[in-house]
Amino acid sequence: MTPEDILSHRPKVLSQRQREDYFEKGYILVERFVDAAWLEKLRAGVARLIERSRAETKSGAVFDLEPGHTAENPRLRRVSSPNDEDPAFWDFASRSPLGDLLQDLLGPAVKFHQSKLNFKWAKGGTEVKWHQDAPFFPHTNAAVLTVGLYMNDCGMDQGPLGCVPGSHEREVFDHYGPDGKWAGFIQKADLPRVAIDKAEYLCGPAGSLTLHNYRTVHGSEPNRSDLGRPLLLNVMSAADAFPYTYNPLKTRYYQQCIRGEPARLAHHDPRPMPVPPDWSGGYTSIFEYQQGAAAMGGGAMM
Ligand SMILES: O=C(O)CCC(=O)C(=O)O
């Protein structure tokens, strides 16, 4: 779907202005979209996952642990594919009013790609360096977005998501380090071509949604506050956007339509797209790459 195709459908939830903002800037914040009942159900799911993580001693396919994680004092960076780990999350992704809102930005048929729960634990939760999602999971067209749900209030002190306006219509950067290995963020040498001084930080109360196009440059600072910043992320696309590289975040819901019918025709965007390495042999998370050896290539938030 092109933005014009999508905008030609009558909106269900968002105003026409909000949709145009999304297509112009490459992201929007929708405050207080998720109600208290859904938040309570999801928070119970988060609590169950944290409980399970107490048995973990090293990062793996599901739990990505912060240094210092113990059974007594769990500290998580991420849970990969929460939609597969607890029914509360897939219920939210597939059966809540979220689907109606996504139709306003992706068109009538909306498909699920992957899910993540980024914790940004209180007092130190890790930064996410400037990056675009497209080089992690390129699709045949750009009708792909990540929707984040702030499960707690998120102000500047909690490390909100920052997005660079208009970056989705500019260059898609190579996310490899100077050594040729995957780094997972935009390298220092390339950052001057990104207007990061123009970044807008999306702060909002619990229940607010962040929605960014997969080409938009985004990142977030560490959480130095006393309040954790769990952010539930779902990657969704128009049904006619097809991924063409290996998806390392395994999910039983891969490419399922949460609204509308599967597409019989793929739509292709002619712009070139850098591709990730072949992760069929294993992958942990963006944090492992960004904070690992390849992180020597620079690219810190500021
Ligand atoms: O947790 C965040 O602040 C950003 C998350 C993100 O961009 C990602 O996980 O790709």
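Quick note: numbers below take in every heavy atom, side chains included, and nothing from hydrogens, waters or symmetry partners. When a residue number appears, it is its place in the shown sequence, counting from 1. Just so it is clear, the model here is predicted, and its values are computed rather than measured. Atoms within a ligand are numbered from 1 in the order they appear, just like the ligands themselves.
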Within a distance under 4.0 Å of any heavy atom of [X], pick out the atoms of ligand 1 and give their elements.
X      : answer
Asp133 : 10 (O)
Ser220 : 2 (C), 3 (O)
His218 : 7 (O)

Identify, for [atom], the protein heavy atom at the shortest distance, and state residue, atom and that distance.
atom                   : result
atom 5 (C) of ligand 1 : Asn118 ND2, 3.1 Å
atom 4 (C) of ligand 1 : Leu161 CD1, 3.6 Å
atom 1 (O) of ligand 1 : Arg229 NH2, 2.7 Å
atom 9 (O) of ligand 1 : Arg78 NH2, 2.7 Å

Identity of the nearest option to atom 6 (C) of ligand 1, non-hydrogen atoms only, from Glu127, Gln132, His131
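Shortest heavy-atom distance from atom 6 (C) of ligand 1: His131.
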Answer yes or no: is there a donor N or O on one side and an acceptor on the other, between the side chain of Asp91 and the main chain of Arg95, under 3.5 Å?
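No, the answer is negative, given that no donor and acceptor are paired below the 3.5 Å cut-off.
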Can you name the nearest heavy-atom pair linking Pro160 to Leu202, along with the distance?
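Between these two residues, the closest heavy atoms are CB-O, 3.6 Å.
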Could you go through the side-chain hydrogen bond (donor to acceptor under 3.5 Å, both in side chains) check for His69 and Glu56 one step at a time?
CA-CA 9 Å; His69 168 91; Glu56 305 292 324; over 6 Å; no
Is there a side-chain contact between Pro138 and Pro276, using heavy atoms and a 4.5 Å cut-off?
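Side-chain contact under 4.5 Å: yes.
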Compute the centroid of each ring, for Tyr214 and then for His139, and state whether the two points are separated by less than 6.0 Å.
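Yes, ring centres under 6.0 Å apart.
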State whether the number of non-hydrogen atoms from other residues, nucleotides or ligands found under 6.0 Å of Arg32 atom CZ is greater than 12.
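Not buried by this count: 12 neighbours or fewer within 6.0 Å.
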